[in-house]
Every structure is written in structure tokens, then in C-alpha cells.
Amino acid sequence: MKALRNFLDKVKPSFEEGGKFHAFRSVFDGFETFLFVPNTTAKRGSHIHDCNDSKRAMSMVVIALLPALLFGIYNVGFQHYLVNGEEASFWACFAFGLMVVLPKIVVSYLVGLGIEFIVAQFKGEEIHEGFLVSGLLIPMIVPVECPLWILAVATAFAVIFAKEVFGGTGYNIFNVALVTRAFLFFAYPTKMSGESVWVTTEPVLGIGSANSLVDGFTGATALGQAKGAEGTLETITNAVGEPISTMDMIIGLIPGSIGETSVIAIALGAIFLLWTGVASWKTILSIFVGGGVTAYLFNMWGANPIMQLPWYEHLLLGGFCFGAVFMATDPVTSPRTDGGKCIYGFLVGFFAVVIRCLGSYPEGMMLAILLMNLFTPLINYCYKQSNINRRLKRVANK
Amino acid sequence: MSGIIRLKKGLDIPLLGKAKESIQKVDHSATFSVRPDDFVGIKPKVIVKDGDQVKVGSVLFYSKMNPELKFVSPVSGEVVSVNRGAKRKVLDIQIKSDGKFESESFIKTRPSELTKEQVKEALLNAGLFSFIRQRPFDVIANPNDNPKAIFISGFDSAPLAPNYDFVLVGREEEFQLGLDALSKLTSGKIHLSTNASSASKIFKMSRGVELHEFSGPHPAGNVGVQIHHIDPINKGEIAWCVNAQDVAMIGAAFKSGSLDFTRTIALTGSSIKEPAYYKLVYGESIENIVKNNVKDENVRYISGNPLTGTQISSNGSLGAFESQVTVIPEGDKNNEFLGWIMPRLNKFSINHSYFSWLLGKKEYALDTNINGGERAFILSGEYDKVFPMDILPEFLVKAIIAQNIDEMEQLGIYEVAPEDFALCEFVCTSKIETQRIVREGLDYIRQELS
């Protein structure tokens with residue numbers, strides 16, 4: 001490590017003001033602080049500091065995402081071979097999935113971090129690590145057939161207009177990854193919904209199965225099927241027309257966005273996030289309570305097929321779990337007080353199910369979270385006001 | 001006495017280097033230096049010059065706003081230099097000790113037999129009044145105010161802080177005389193807070209005070225936290241606070257008829273070979289107590305505790321309000337590789353992504369590295385966990401940054417001091433300098449209101 005440190009110390013001057021590579025200062029800085037903890041010491045105020053920092057917090061989220069990501073990669077391959085009627089080993093499925101998912105991750109990071117580096121250079125600031133998380137979230141919440149160029153455009157849009165114009169990490173109002181998805185959703189609706197985007201049917205770069213699709217193929221997600229049904233709810237099937245059980249929904253070998261299908265993998269991530277204190281259990285729990293109660297009430301009403309979907313399946317299907325654990329808990333775009341988190345969470349769950357049952361889209365989690373992101377400042381304001389009122393009352397009681 | 005006030009929020013940072021409860025003898029240093037900056041909120045007008053002879057209690061400077069508020073020499077000898085910085089700001093006044101500690105005379109009588117005016121005048125002329133601070137704003141008290149109450153904290157909960165039960169042993173009479181003097185200065189009560197888990201004998205036998213018991217982690221010993229739970233400050237109200245040792249110092253002056261600014265301090269920190277207690281005069285150089293007593297090479301000397309103290313040099317002086325000197329390793333040569341993902345078993349964190357929570361009562365040698373880079377607010381609820389007041393610390397800090405005076409008032413800026421935010425600063429993953437921000441906020445609002 002000493003050699004690496006010495007090397008960095010040697011080349012550092014050329015990246016500083018007046019140096020040959022000054023235009024890449026932010027890039028150098030980003031890599032240097034990534035490799036070595038900066039030697040910054042406290043000059044005033046507290047002389048000692050907790051060893052936790054935002055890099056650590058962000059890396060914890062990335063680690064928490066790994067089970068869902070790895071499962072998603074496997075599931076992409078699994079779905080592919082399933083609809084092509086070919087038996088494939090675990091590693092074959094995983095390899096195929098990797099071929100499909102890895103380019104999306106690379107594109108997302110390249111575009112997002114590229115913009116971050118440029119902005120950091122322009123503003124003369126240290127590079128912020130917020131995009132480490134967003135950059136991994138983005139590929140996990142898009143359909144597997146989303147074209148790379150569209151992903152690149154959407155990522156660029158989100159990073160610039162949902163984050164940098166507000167001032168960068170910590171100042172954004174909307175969750176950056178969800179803005180990417182919303183952009184895709186409204187700008188390229190045909191690439192984001194329907195029956196053909198959730199399963200990769202063709203081989204990629206010669207890898208995968210070239211068989212013709214099996215009979216009974218349907219690429220629709222479970223929620224898509226429920227939404228598309230007429231009259232009463234029919235049996236929900238997997239991609240080859242076999243009925244799926246609640247257990248299948250928990251395990252997650254069904255079509256859907258890359259990272260969202262497995263409740264088990266997401267639960268592992270949730271435990272990790274809660275343990276490391278990045279996410280708040282209050283937010284997550286209240287989302288499930290809000291969604292569960294609302295879905296239960298719709299079950300009683302039962303006016304359309306998706307209202308008839310059992311309330312617990314509402315919580316298991318689509319992006320509900322993924323959104324609840326990884327999206328709604330984003331500390332920057334969710335309320336800053338504990339009570340506020342409960343209200344926010346409940347309403348996220350409520351709106352997600354309302355949009356599913358009454359709206360024209362099968363999935364409501366993304367819109368519900370973005371909507372509540374918008375209400376976060378209001379919730380913060382109310383909590384602030386109640387603290388202020390308590391203080392005013394204290395004066396009045398004197 | 002009312003019931004115990006139990007505080008849940010807060011944090012006791014387990015640091016190595018707690019002082020052993022024995023007082024080590026050491027010669028007084030030859031040089032003393034008094035820093036006007038220690039007395040927050042005043043503009044000093046220096047009246048001594050190089051070569052002047054001074055006694056203990058001779059006036060060195062006074063406050064431009066309140067000329068009767070005087071600041072005196074802690075030692076007898078010769079003024080060596082008045083050091084000034086940018087814009088002729090006075091940095092410090094260096095005094096060479098003659099080793100005699102000859103004192104100006106003080107009124108030798110029981111303060112209970114004096115009137116309010118006589119007590120006030122005696123304290124002001126002897127420079128003892130400058131050890132009274134006021135809330136709001138955490139500045140030196142204005143002698144023309146009539147505080148609603150005077151608050152004294154009977155314990156210091158900061159990391160490695162001195163044990164007041166120990167440092168005040170044998171000073172019962174002086175402490176009581178000090179209380180008697182202070183009681184003349186307010187028409188309200190004197191509130192004395194003790195630690196529920198310590199004996200606090202000297203405090204419990206005090207007369208003329210209202211006793212309160214606190215339990216819980218740091219910052220339970222912060223007088224601001226105690227005021228908040230006993231009788232919170234509203235807009236327009238003023239409370240004063242005095243350190244427990246300074247109460248005894250005031251009492252000692254009335255008892256002996258002379259001035260003595262000696263206090264018992266704890267020399268602490270992981271870089272100290274033998275942490276122990278010493279008797280030091282405020283303004284005295286720490287060179288004699290740290291000489292041959294520091295085990296690390298690259299260290300930081302702090303006058304005060306590691307959360308709120310001031311960085312000084314190895315021959316720097318003890319601050320006017322400090323009863324602790326801490327020496328910890330500097331963190332400027334770490335270059336920790338991939339630190340953000342390492343287990344960091346030798347570092348402390350309240351976050352469960354590290355293992356401090358598993359390591360039980362392990363004590364740590366923390367250095368001065370801030371362990372990261374400064375960011376905007378990202379994680380939420382961190383400050384609330386270590387801030388035991390009904391105040392929203394993060395919103396208050398944001399209101400200060402935005403210089404929104406109305407909101408600062410509404411969110412309770414009159415109740416806080418920078419030291420109350422020290423733990424927020426410690427736990428902040430965004431490494432925001434909250435103490436500096438709060439100090440600037442207090443200065444700003446004080447200036448706008450005047």
C-alpha cells in the first residue's frame with residue numbers, strides 16, 4: 001500500500017491548480033479519497049470523530065443491494081431459458097444474466113459518475129459518493145429489455161435535473177434512481193411496460209438459448225396480468241403459463257424488473273440496512289402497514305381484478321418490497337423526524353396500492369414514493385411547527 | 001429535591017487515558033498567558049503594556065461594552081508581551097511569573113453579610129465576575145442584568161472529564177461561601193445539579209440552593225441540558241451559570257481576603273503516560289505537566305475535553321474555563337487504505353457497521369482525524385440520538401446556516417450553546433462543524449438583536 005500511496009503523492013501535484021492534469025482534479029480526488037482516508041484533522045470544535053462517514057453509509061447500501069442484484073442476475077437467465085424451454089444449469093443462468101445486466105450497470109455508472117466528476121470539477125468540490133448507490137439502483141429497477149441508450153439518456157436526465165441542479169447529494173428533493181425510472185416510464189412507455197420487456201427471449205452475443213419460445217409464453221408481470229384481467233381475477237401465471245403460488249412470489253423466479261422480484265433477497269438487504277442504521281425501520285414498517293391496510297380494504301371492495309388480489313400478495317408483488325426497503329428509505333428524500341417517517345411510510349404504502357387499484361398503471365410504487373418525496377418538506381415543516389408550538393405554549397404558560 | 005431527571009439520549013465515548021484520582025505535585029511554570037478569546041462575547045481593551053508589574057488580580061483588560069467587567073492576571077510578575085494578530089486583535093497577554101503569587105487584596109468577610117451591590121462590585125473588581133457566563137448566547141455575563149436563576153452543574157460528563165467529587169474535596173466551606181455570594185446576584189434561585197450515580201457529598205450538603213439529580217450519558221452534565229430540563233430559557237430571559245470549581249474559587253476569595261486562581265485539573269488522554277490530577281492556575285503553561293509524560297510522537301494538546309476544548313501547543317496555557325487538559329494522537333498521517341470498508345476494530349463508532357457495539361467496555365485511543373470528508377446532511381436522526389433536549393438539532397443548524405433569525409428563535413437557539421452540539425459533531429457522518437455553526441449563529445443573532 002505504501003508504494004501506491006507514494007505513487008499518488010508523486011502524481012498529486014500535476015492534478016492540483018496549475019498542474020498538467022488539473023482538468024481531472026475531481027477524478028483524481030475521487031480515486032484518492034476512495035483508496036485512502038483523507039488526512040483531514042479537526043481544527044476546531046470536536047477533536048475526535050466517529051469513524052463512520054458517508055462513504056461507509058453508502059457502501060453499506062451497496063452491500064445491502066447485492067443479494068437482490070445477484071438474484072436478479074440469476075433470474076434474468078432463469079427466465080430466458082425457461083421461456084425457451086431449455087434446461088440450464090445455475091451457472092449458465094447466471095452467466096446469461098450477467099451478460100444482460102452488467103452492461104446496464106456499466107452504462108449507469110459511466111454516465112452518472114461522469115456527470116458527477118464534471119460537476120465536482122466545475123464546482124471545485126470533492127466528489128460525493130451518493131451516486132454509488134443510485135448507479136446500482138437504476139439497473140435494478142428497469143425491465144431487462146430496456147435498451148442501453150435509453151438507460152443512458154434517462155440516467156443523465158435524472159442526475160442533472162433531479163440532483164445536480166438542486167446542489168448535489170444531500171440536496172435533492174426526489175430519489176434520483178426513481179426519477180430515472182419515471183423518465184423512462186413516461187418518455188419511452190413501450191420500452192417500460194407490456195409483455196415483451198420483462199424477459200430476454202433472444203440470445204445475447206451468442207450466449208443463451210436460440211430455441212423458439214414455448215407455448216403459453218407470457219412475458220407479463222404478475223401485476224400486469226392482474227391489471228389486464230377482465231371481470232374477476234384469474235390465476236396468475238409465470239412466464240410459461242404455469243400458475244404461481246404465494247411462495248413463488250416470495251422466492252421471486254418470476255418476470256419483473258431486475259432487482260425487484262425476490263422478497264427473500266430484499267429481506268436480507270433490509271436486515272443489513274436496518275442493522276447498519278442507514279434505513280429506518282419506521283419507514284419500512286409503516287409502508288407495509290399502509291399498503292397492507294389499503295389492499296385489505298380494496299379486497300373488501302373488490303370491484304376489479306387487481307382489487308381482488310389478496311392484500312399480502314400486493315405487498316409481495318411488483319416493486320413494493322424493493323421500493324419500501326431501498327427507495328423510500330433514502331434519508332435525503334424522506335422526512336428527517338421519526339414521526340414524519342411513519343406518516344410518510346404509511347402514505348407511500350397507501351398510494352402505491354391506490355394507484356395499482358384505481359390508476360391506469362399496474363404498478364404504483366414508483367409514483368407513490370415520488371409523490372411522497374414531494375410531500376416530505378411539508379411533513380418536515382409540520383414536525384418543525386409542532387416543536388415550535390410546544391415552545392410557544394411553554395412561554396404562554398408562564 | 002425533585003425526582004431524578006433521567007436522560008436517555010446521549011453518548012459516553014469510551015476513551016483511554018482517564019486520570020487516576022491522585023494529585024501530582026509539579027512546579028508552577030514560569031510563563032502564563034491569558035487569551036481574551038476564552039471570554040466569549042467581549043471586546044477586550046488592554047490596559048497593560050510590556051514591562052508592567054502585575055499582581056494576582058491586577059486588571060489586564062476590560063470589556064469595551066461594560067468597562068466595569070474586568071479581566072485580571074492570574075499570577076504576579078511582569079507583563080512580557082501583548083500579542084496581536086490580524087486587525088490588531090489581541091491574541092494573548094504573556095506574563096512572566098515571579099513565583100510569589102502576590103495578590104491584590106479582596107474583601108475578607110462572609111458574603112451573606114454584604115449587599116448585592118457590594119458583592120457585585122467586589123467580584124467585578126477582582127475579575128471574578130468574568131467567570132460567570134450567561135445563557136442565552138453562552139457569553140460572559142453582563143453585570144447589569146438580573147438573571148432569573150443561576151445554574152451550577154455538579155458534574156462534568158464529557159469524555160475523560162475530571163470528577164468534581166474529587167477535585168472539590170475539602171473545599172466545602174469555600175463552595176458554600178461562593179454559593180452565598182452568587183445568591184446575592186439573583187432574585188431567583190440557584191439550581192445545583194448533581195449526578196445521580198455519584199456521591200456528590202459536597203453538593204448535597206450545600207445550603208440555599210435547589211438540588212436536582214440527573215442520570216444518563218453525556219451531555220447530562222452540560223449546564224445547558226440541565227437548564228432545559230429544570231427551567232428552560234425563553235426569549236428575553238437570562239440565566240447565569242458558573243463552573244463548580246469557580247464557585248469555590250469565589251468563595252475562597254471571601255474566605256482568605258486574597259485571590260487564587262488555582263484549580264485542580266485532570267491531565268488525560270491516550271497519549272499521556274500517567275494521567276492524573278494536577279493543581280494548575282488558569283493561564284498557566286502546561287509544559288511542566290506534559291514534560292516527559294507524553295508517549296506518542298505526533299500528538300495534539302487540548303485545553304479542555306476532546307469534544308469542546310481548544311487546541312494549544314505543548315507549552316500552551318490552560319483556558320479560563322477549563323479544568324482538563326487532554327493529549328491525544330494527531331490523525332494527520334494515517335493514510336488508511338480503503339478505510340471506509342475496513343472493520344476498524346481500533347476505532348469507535350456508534351454505528352453497527354463497525355464492531356464497537358460488540359466489544360463491550362473497550363476503551364479507545366481516538367486520534368484527531370475526522371475520518372471522512374465534509375458533506376451535506378445525508379443521514380437523518382443522527383443528532384437526535386445524542387441531543388437530550390426537546391429541540392430539533394438538525395433543523396436548528398439548518399436555520400442558522402440560512403441565517404433565518406425567526407426560525408432560530410422559534411427552534412430554541414436561546415437554550416443552546418455550542419458545547420451541547422459537540423456530540424452531534426462527533427457522530428455526524430457528514431462531518432459538519434456543528435459547534436462552529438452554532439457559535440456563529442449565536443454571535444449573529446446577538447449582534448442583530450443589539
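Just so it is clear: chains get the letters A, B, ... in the order the sequence lines come, proteins before strands, and each one is counted from 1. If you're wondering where the values come from, they're calculated on a predicted model, not measured in any experiment.
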Looking only at heavy atoms and a cut-off of under 4.5 Å, which of [options] has the most pairs with chain B?
{"options": "A:T33, A:N39, A:V395, A:V37", "value": "A:N39"}
{"options": "A:M60, A:E129, A:E125, A:M58", "value": "A:E129"}
{"options": "A:D53, A:D330, A:D338, A:V332", "value": "A:D53"}
{"options": "A:G170, A:G168, A:G45", "value": "A:G45"}
{"options": "A:P38, A:G277, A:G167", "value": "A:P38"}

Top residue by heavy-atom pair count (under 4.5 Å) with chain A, among [options]?
{"options": "B:Q410, B:E409, B:K431", "value": "B:Q410"}
{"options": "B:C428, B:G412, B:G304", "value": "B:G412"}
{"options": "B:Y354, B:F377, B:F348, B:Y364", "value": "B:Y354"}
{"options": "B:D367, B:I370, B:L423", "value": "B:I370"}
{"options": "B:S353, B:G381, B:A376, B:G373", "value": "B:S353"}

What part of [X] lies closer than 4.5 angstrom to a heavy atom of chain A: side chain, backbone, both or neither?
{"X": "B:T326", "result": "neither"}
{"X": "B:L396", "result": "neither"}
{"X": "B:I391", "result": "both"}
{"X": "B:K385", "result": "neither"}
{"X": "B:K333", "result": "backbone"}
{"X": "B:T368", "result": "both"}
{"X": "B:D231", "result": "side chain"}
{"X": "B:P418", "result": "neither"}
{"X": "B:I13", "result": "side chain"}
{"X": "B:E425", "result": "both"}
{"X": "B:Q311", "result": "both"}
{"X": "B:E419", "result": "neither"}
{"X": "B:I302", "result": "side chain"}

Look only at the side chain of [X] and the backbone of [Y], and say whether a donor-acceptor pair between them is shorter than 3.5 Å.
{"X": "B:W340", "Y": "A:S59", "value": "no"}
{"X": "B:R375", "Y": "A:T169", "value": "no"}
{"X": "B:N371", "Y": "A:H49", "value": "yes"}

Within 6.0 Å of [atom1] in [X], more than 12 heavy atoms from elsewhere:
{"X": "A:F375", "atom1": "CZ", "value": "no"}
{"X": "A:Y381", "atom1": "OH", "value": "no"}
{"X": "B:K148", "atom1": "NZ", "value": "yes"}
{"X": "A:F166", "atom1": "CZ", "value": "yes"}

Report yes if the side chains of [X] and [Y] come closer than 4.5 Å at any heavy-atom pair, otherwise no.
{"X": "A:L35", "Y": "B:L338", "answer": "yes"}
{"X": "B:R439", "Y": "A:R44", "answer": "no"}
{"X": "B:L366", "Y": "A:H47", "answer": "no"}
{"X": "A:T276", "Y": "B:H352", "answer": "no"}
{"X": "B:N369", "Y": "A:T40", "answer": "no"}
{"X": "A:I63", "Y": "B:I341", "answer": "yes"}
{"X": "B:R300", "Y": "A:T41", "answer": "yes"}
{"X": "B:F395", "Y": "A:R336", "answer": "yes"}

Is [X] close to chain B through its backbone or its side chain, or both, or neither, when contacts mean heavy atoms under 4.5 Å?
{"X": "A:Y383", "value": "backbone"}
{"X": "A:K341", "value": "side chain"}
{"X": "A:L8", "value": "neither"}
{"X": "A:A42", "value": "both"}
{"X": "A:S280", "value": "neither"}
{"X": "A:L274", "value": "neither"}
{"X": "A:N380", "value": "both"}
{"X": "A:L392", "value": "neither"}

Distance in Å, [X] [atom1] paired with [Y] [atom2], rounded so as to fall on 0.5 Å steps:
{"X": "A:C51", "Y": "B:E336", "atom1": "SG", "atom2": "CD", "value": "8.0 Å"}
{"X": "A:N52", "Y": "B:S356", "atom1": "CG", "atom2": "OG", "value": "10.0 Å"}
{"X": "B:R436", "Y": "A:S46", "atom1": "CZ", "atom2": "OG", "value": "14.0 Å"}
{"X": "B:L411", "Y": "A:R391", "atom1": "CG", "atom2": "CZ", "value": "6.5 Å"}

Problem set entry | Where B:S380 and A:P335 come nearest, the two heavy atoms and their spacing | OG-O, 4.1 Å
For this session: Scan side-chain atoms only and decide if B:N351 and A:R56 contain a donor-acceptor pair under the 3.5 Å cut-off.
Result: no
Exercise. Between the side chains of B:S349 and A:D50, does any donor sit under 3.5 Å from an acceptor?
Worked result: yes
Exercise. Which ring-ring contact (aromatic ring centres under 6.0 Å, His included) pairs, counting each pair once, include a residue from residues 407-433 of chain B, with sequence neighbours left out?
Worked result: B:F137-B:Y414, B:F387-B:F421
For this session: Would you please test B:E415 and A:R394 for salt bridge (Lys or Arg N to Asp or Glu O under 4.0 Å) and show each step?
Result: CA-CA 13 Å; B:E415 301 176 48; A:R394 190 177 81 198; 2.8 Å; yes
